[in-house]
Amino acid sequence: MKKELVAYRNPKSPIAETFRTLRTNIQFMNTKKNLKSILITSTMPGEGKSWVSANLATTFAQAGKKVILIDADMRKGTQHKMFTVESRPGLSNYLLDVSDDGRIDIIQYVKRTGVENLYLITCGNVPPNPSELLASEGMIDMVEKLKKVFDILIFDGTPGIIVTDAMIVSRLVDTTIIVASHNETKKDNLQKVKKGLESVGASVAGVVINKMPINAKKYEDSYYYGRNSDRTFDEYELFEKREKNNEDVLNQLDKLFKNRKEK
């Protein structure tokens with residue numbers, strides 16, 4: 001496993017303690033309902049959402065919870081790199097396979113990590129239609145099946161400004177956390193992502209500020225991990241008619257929910 005997994009490699013560090021505090025805050029914010037699923041998103045690439053997702057999942061696992069981390073960024077997923085496992089088969093492969101044969105078992109796509117109680121579904125191959133796959137009946141069924149097996153589901157989503165994927169997944173989870181970068185994230189982008197999530201009925205738990213300067217000189221880096229990213233804005237697929245696609249995909253999801261209730 002990579003050094004970015006601070007909660008596992010250095011559990012007594014201030015950063016690991018910060019993640020334990022975040023875990024506790026999430027649990028206390030949801031005392032009146034049974035929280036089972038969390039989406040981690042951001043505004044833009046490079047803000048550290050994947051790092052936050054991996055370390056938060058680790059702290060939940062260290063608390064004795066049976067956790068599944070799902071890399072829902074099928075365009076540029078990185079969780080397989082952090083946990084040093086193969087990216088394929090993964091989420092995209094399952095959603096494509098289950099659309100052809102509904103008898104496919106999601107557990108076949110679950111990978112073990114080196115962290116006790118923590119399991120991983122990687123991003124898989126890059127599909128031509130990530131948003132449509134996330135809004136499919138297979139995705140809805142997968143979430144329900146995983147909830148029966150695991151205590152906590154954590155989804156590492158895409159940045160909210162660039163593509164629709166995070167908004168789609170937010171409809172399927174209990175709460176959403178937005179990761180922002182200290183002195184980097186634009187306030188307007190943060191507000192836009194928050195409003196976009198709330199407009200589709202998502203429950204936004206709050207914002208995690210990443211890359212805050214720390215004072216402990218014994219640490220080799222003055223910022224939290226997640227500062228560097230090999231992704232750029234141009235590397236993500238941009239829809240020429242993104243607003244129209246948002247509406248089409250979300251309408252498709254509404255129909256699926258309605259059909260399931262009528263059955």
Side-chain angles (χ1 to χ4, degrees), residues 2-8 14-27 29-30 35 37-60 67 69-79 81-83 120 123 152-170 172-198 200 202-214 221-233 235-236:
K2 300 293 186 179
K3 65 179 182 179
E4 287 85 354
L5 290 173
V6 184
Y8 175 75
I15 297 176
E17 180 59 34
T18 298
F19 277 107
R20 286 191 288 272
T21 301
L22 176 60
R23 178 194 67 200
T24 301
N25 289 342
I26 292 171
Q27 291 173 318
M29 288 173 62
N30 294 273
L35 183 144
S37 52
I38 305 166
L39 167 67
I40 311 294
T41 185
S42 62
T43 67
M44 297 288 290
E47 292 175 320
K49 66 172 180 59
S50 295
W51 176 73
V52 170
S53 301
N55 281 280
L56 181 61
T58 298
T59 59
F60 269 108
V67 184
L69 174 60
I70 304 104
D71 195 339
D73 187 347
M74 292 184 285
R75 306 163 192 269
K76 286 283 182 179
T78 60
Q79 292 297 340
K81 296 179 181 178
M82 267 192 272
F83 288 93
L120 173 67
C123 54
I152 297 289
L153 284 60
I154 296 181
F155 289 83
D156 177 11
T158 57
I161 288 290
I162 297 176
V163 287
T164 62
D165 302 15
M167 283 198 297
I168 297 169
V169 177
S170 73
L172 307 177
V173 299
D174 298 323
T175 195
T176 297
I177 294 171
I178 305 171
V179 176
S181 296
H182 177 68
N183 284 341
E184 291 181 14
T185 299
K186 295 180 179 180
K187 183 179 179 180
D188 289 345
N189 286 344
L190 188 58
Q191 291 176 334
K192 184 175 181 180
V193 170
K194 183 175 181 292
K195 288 180 179 179
L197 290 166
E198 291 174 341
V200 298
S203 172
V204 179
V207 178
V208 171
I209 306 298
N210 191 28
K211 307 182 189 177
M212 288 286 290
I214 57 178
D221 198 340
S222 62
Y223 291 87
Y224 286 177
Y225 288 108
R227 183 175 187 177
N228 298 318
S229 173
D230 57 358
R231 307 183 204 178
T232 65
F233 185 92
E235 284 180 321
Y236 277 85

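One is the number of the first residue; the rest follow in order along the sequence. All of these numbers come straight from a predicted model, not from anything done at the bench.
- Separating the OG1 atom in Thr158 from the CD1 atom in Ile40 is a distance of 13.0 Å, to the nearest 0.5 Å.
- Panel note: side chain Asn210, backbone Val179; no donor-acceptor pair is recorded below 3.5 Å.
- By the 4.0 Å N-to-carboxylate-O rule, Lys195 lies too far from Glu198 to be salt-bridged with it.
- The two residues Ala166 and Leu197 make their nearest non-hydrogen contact at O-CD2, 4.2 Å.
- The shortest side-chain heavy-atom distance between Asp73 and Cys123 does not fall under the 4.5 Å cut-off.
- A donor-acceptor pair under 3.5 Å is formed between the side chain of Asp71 and the backbone N or O of Thr78.
- Side chains of Ser53 and Gln79: no donor on one and acceptor on the other come within 3.5 Å.
- Closest approach of Ala72 and Val169 over heavy atoms only: CB-CG2, 4.5 Å.
- With hydrogens and angles disregarded, no donor-acceptor distance shorter than 3.5 Å links the side chain of Lys192 to the backbone of Ile161.
- Across all their heavy atoms, Trp51 and Met82 have their closest contact at N-CE, 3.9 Å.
- Of all the heavy atoms in Ser203 and Asp174, the pair that sits closest is CB-O, 3.5 Å.
- Residues Phe19 and Leu56 approach most closely at CD2-N, 3.9 Å, considering heavy atoms.
- Nearest approach of Ala205 to Thr175, heavy atoms of both residues: CB-OG1, 3.1 Å.
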